[in-house]
There are 2 protein chains.
Amino acid sequence: MPKTNVPDVVIRRLPLYLRCLTYMAERGHKVVSSAELAKWVGVSSAQIRKDLSFFGEFGKQGWGYEVSYLRDQLQRILQADRDWFIALVGAGALGHALINYRTFERWHFHIAAVFDNDPQKVGTPLGHLLVQPMEEMRHTIQERNIQIGILAIPAEHAQQVAEQLVECGVRAILNYAPINLSLPPGIRVAHIDPVSSLQSMTFYL
Amino acid sequence: MPKTNVPDVVIRRLPLYLRCLTYMAERGHKVVSSAELAKWVGVSSAQIRKDLSFFGEFGKQGWGYEVSYLRDQLQRILQADRDWFIALVGAGALGHALINYRTFERWHFHIAAVFDNDPQKVGTPLGHLLVQPMEEMRHTIQERNIQIGILAIPAEHAQQVAEQLVECGVRAILNYAPINLSLPPGIRVAHIDPVSSLQSMTFYL
DNA sequence: GCGTGTGAAACAATTCACAGCG
DNA sequence: CGCTGTGAATTGTTTCACACGC
């Protein structure tokens, strides 16, 4: 697998292409040119061709790309053609929203366990799951083949819980807590921080 | 104001610096070097010095930066020292989580109105607000000095509602819907898409 | 002819390394 | 002496432009 030498900035664009192609395929769109796809995604056509060229030749000259074929190839590259199981930590309002976010299921991401340190919440239902105590994390993560963690907890606990998740075998973390995590190399971290997003917009207003 | 010629990638890092400095100031940390700040934020010390140099000279040689002074300067640059009023569109589970997200208030972002097109939801309380019908958008946005919109609605309505917000005078949109918005130049858009974030991590697993 | 795939060119961002100041 | 601020060097990314194949 060509996991190295492909710039991360390219990898972060592939999901956008995949999403657009999936919508197109659903609407019966058979063929697409890089220029057309570019217009939908909001990048340049040359960029799309360059990005794809890291992984192979998926188009036909003078014609374009077959939508469903390119979609399948991107799914394969991103490993979006298989199921992923997720441990959610934090059963607050955000955890509730995430459990009910149907878009995860649609893309093969399954929240397979929820943990919280609040004894009041442990044992109560959250969506289709029961909230579990933190002590059960190791066992459940291994048993349910969980490789991804989502942190939906206050910033002050995030670093410690992240380390705990890694300890239990999690290799990628989606962090909703407004704090920078420092974790061993090899552990992937993505950060969702609406305040930072808003602040970098207010600069321009 | 030097809104041009500063690369956007720099602007997107400033909120990280600001957050870290604010935490440090709260803990009584008086002075910080670029190397120390870099370690917390997870970037290089040279990068921090270069980024700051776009806006002025905030440090003392051989000594470092005064935490509270640098914090204040970043607040000013990002306009994080004033209040911002937000219109939330979508009163579902995500809208509920956002209304209850205390971190917005802490950084001077105030959700000042909630809209939904579901007649069942209109008139019901969401946090400290009542859900309003879409028809009241124009009036409320102008009345309450709202400049920012948050989209917490399904993808199929996002483009149309975004245009409506812009029509009403909103100049920045935080989009939680998994679709690319195309809006007039001058309108800022930030996109929060957990599925894309997850997919760009699963590539590496 | 049309649109892909791709080297080469242009542009952008980051790191280096050090003069200069407190 | 230590750390900032900053040109210069390096590294990374995007755009250009065109040969090639359908």
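Values below: every heavy atom of this structure, side chains too, minus hydrogens, waters and symmetry copies. The chains referred to below are lettered A, B, ... by the order of the sequence lines, with proteins before strands, and numbering in each begins at 1.
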J.: Round to the nearest Å and state the distance from A:Glu66 atom CD to C:dT4 atom C1'.
T.: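 Atom-to-atom, A:Glu66 to C:dT4, this comes out as 15 Å.
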J.: Rounding to a whole Å, what distance do you find between A:Leu70:CG and C:dG5:C1'?
T.: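 It works out to 14 Å between those atoms.
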J.: Determine the sole option in B:Leu174, B:Thr103, B:Ile86, B:Ile150 for which the side-chain contact (heavy atoms from CB on, under 4.5 Å) test with B:Phe109 is passed.
T.: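 Per the side-chain contact (heavy atoms from CB on, under 4.5 Å) rule, the option paired with B:Phe109 is B:Ile86, out of B:Leu174, B:Thr103, B:Ile86, B:Ile150.
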J.: Tell me the interatomic distance from B:Leu52, atom CG, to C:dT14, atom P, rounded to whole angstroms.
T.: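 Value for this atom pair: 14 Å.
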J.: Quick one: is the NZ or CZ of A:Arg144 closer than 6.0 Å to the six-membered ring centre of A:Phe85, and within 45° of its axis?
T.: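 Ring-cation test returns no.
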J.: Quick one: A:Lys50 NZ to C:dA12 P, roughly how many Å, whole number?
T.: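 Computing the A:Lys50:NZ to C:dA12:P distance gives 17 Å.
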J.: Is there a donor in the side chain of B:His108 and an acceptor in the side chain of B:Gln75, or the other way round, less than 3.5 Å apart?
T.: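 On atom types as modelled, these side chains do not qualify, holding no pair under 3.5 Å.
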J.: Looking at A:Arg82, I'd like to know if its CZ atom is crowded, meaning that more than 12 non-hydrogen atoms belonging to other residues, nucleotides or ligands lie closer than 6.0 Å.
T.: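 Enclosed: over 12 neighbouring heavy atoms sit under 6.0 Å from CZ of A:Arg82.
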J.: Rounded to whole Å, how long is the line connecting atom CG of B:Asp51 with atom C1' of C:dT15?
T.: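 Rounded to whole Å, this separation is 12 Å.
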J.: Let me know the distance between CZ of A:Arg49 and P of C:dA8, rounded to the nearest Å.
T.: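 My rounded result for the distance is 17 Å.
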J.: Where the side chain of B:Ser44 is defined as all heavy atoms beyond and including C-beta, which of C:dG20, C:dT15, C:dC18 is the nearest nucleotide?
T.: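 The answer is C:dT15, which lies nearest to the side chain.
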J.: Within this structure, what is the CD-to-C1' distance between B:Glu57 and C:dG22, rounded to whole angstrom?
T.: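 Between C1' of C:dG22 and CD of B:Glu57: 13 Å.
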J.: Between which nucleotides of DNA chain D, 5' to 3', does chain B make heavy-atom contacts below 4.0 Å?
T.: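 Counting from the 5' end, contacts occupy D:dG2 to D:dA8.
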J.: At their closest point, which heavy atom of A:His128 faces which heavy atom of A:Ile111, and how far apart are they?
T.: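 For A:His128 versus A:Ile111, the nearest heavy atoms are NE2-O, 3.4 Å.
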J.: Should A:Tyr65 be listed as having a side-chain N or O under 4.0 Å from OP1 or OP2 of C:dC2?
T.: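 No.
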J.: Nearest heavy atom decides the nucleotide; on that basis, is A:Lys60 or A:Arg13 closer to the 5' end of DNA chain D?
T.: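 By nearest-heavy-atom nucleotide position, the 5'-most residue is A:Arg13.
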J.: For C:dT14, does OP1 or OP2 lie under 4.0 Å from any side-chain N or O of B:Gln47?
T.: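 Looking at the OP1 and OP2 atoms of C:dT14, one of them is under 4.0 Å from a side-chain N or O of B:Gln47.
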J.: Calculate the interatomic distance between B:Trp63 atom CH2 and C:dG22 atom P; express it in whole Å.
T.: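 Atom-to-atom, B:Trp63 to C:dG22, this comes out as 14 Å.
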J.: Heavy atoms under 4.0 Å, any strand shown: does B:Ser45 hit a base, just sugar-phosphate, or nothing?
T.: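 B:Ser45: no heavy atom of the nucleic acid under 4.0 Å.
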J.: Tell me yes or no: between the side chains of B:Gln132 and B:His139, is some donor less than 3.5 Å from an acceptor?
T.: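 There is no such pair between these side chains.
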J.: Find out whether B:Leu205 and A:Ile148 are in side-chain contact, i.e. whether some heavy atom of one side chain is under 4.5 Å from a heavy atom of the other.
T.: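 In contact.
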